[in-house]
Amino acid sequence: MREPILKAIAMPPKVFWAPFLPALINLAIQFPFMFIGMAFFQMNPIAFMPTILFVHLFLVIYGSREPHLSTMIRTYGPMAGGSKNMYKSKGTKLAP
């Protein structure tokens, strides 16, 4: 009964061996440039393949070292501002 939950936590989703969310962000950034280049400058889309593959290879290498990269990106928004301490002390505390 608990196996699918543990499997989802232990093995986050991947797209061609790269973490899902960074690979999606890579394509979401590179595809508009590719289509703009095709529409306005009559560029061949094959010219954009090396950059897409290079970034994807970087994500595969970095994703193998940090498999939960998608989760880290998703949780960055709420935690980006940091936290404020109630009492004066050195360092950042997670308590409110």
Side-chain angles (χ1 to χ4, degrees):
M1 184 79 172
R2 294 183 184 258
E3 182 179 342
I5 295 172
L6 295 176
K7 185 176 179 182
I9 292 171
M11 292 184 281
K14 296 186 180 277
V15 176
F16 298 113
W17 304 284
F20 179 73
L21 194 57
L24 188 69
I25 291 171
N26 175 32
L27 294 178
I29 291 173
Q30 298 232 12
F31 274 8
F33 286 114
M34 182 175 68
F35 290 129
I36 288 170
M38 287 169 47
F40 294 119
F41 304 114
Q42 302 299 320
M43 293 179 72
N44 191 349
I46 295 175
F48 291 94
M49 292 300 151
T51 59
I52 293 172
L53 291 176
F54 177 73
V55 174
H56 192 79
L57 181 65
F58 172 76
L59 290 174
V60 168
I61 293 169
Y62 193 69
S64 67
R65 292 174 48 194
E66 184 59 58
H68 295 284
L69 193 59
S70 295
T71 308
M72 290 169 49
I73 290 174
R74 249 185 298 154
T75 58
Y76 179 73
M79 299 298 285
S83 64
K84 302 204 185 315
N85 297 337
M86 286 176 62
Y87 308 108
K88 285 197 166 239
S89 64
K90 288 185 176 181
T92 302
K93 307 290 188 255
L94 293 177

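Below, each value reflects all heavy atoms present in this structure, side chains not excepted, and no hydrogens, waters or symmetry copies.
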Could you report the tightest heavy-atom contact between P50 and A47, atom names first, then the distance?
CD-O, 3.4 Å
Applying side chain to side chain contact (heavy atoms under 4.5 Å, CB included), name anything that partners I29, two or more places apart in sequence or on another chain.
I25, F33
Shared-cluster residues of L57, by chain and number - hydrophobic side chains joined below 4.5 Å
I61
Can you give me the closest heavy-atom contact between P45 and M38, atom names plus distance?
CB-SD, 3.7 Å
Not counting sequence neighbours, which residues clear side chain to side chain contact (heavy atoms under 4.5 Å, CB included) with L27? List them please.
F31, I52
Nearest 0.5 Å please: distance from the CD atom of Q30 over to the CZ atom of F54.
11.0 Å
Count I, L, V, M, F, W, Y as connected when their side-chain heavy atoms are under 4.5 Å apart, and connections chain through other members. Are M34 and F40 then in the same cluster?
yes
Walk me through it: do W17 and H56 pass the test side-chain contact (heavy atoms from CB on, under 4.5 Å)?
CA-CA 9 Å; W17 304 284; H56 192 79; 5.7 Å; no
Side-chain touch P12/P19, heavy atoms, less than 4.5 angstrom:
no
If you round to the nearest 0.5 Å, how far is CG of N44 from CE of M49?
9.0 Å
Do L59 and N26 have side-chain heavy atoms sitting under 4.5 Å apart?
yes
Is the count of non-hydrogen atoms from other residues, nucleotides or ligands lying under 6.0 Å from I46 atom CD1 greater than 12?
no
So does F48 have more than 12 non-hydrogen atoms from other groups sitting under 6.0 Å from CZ?
yes
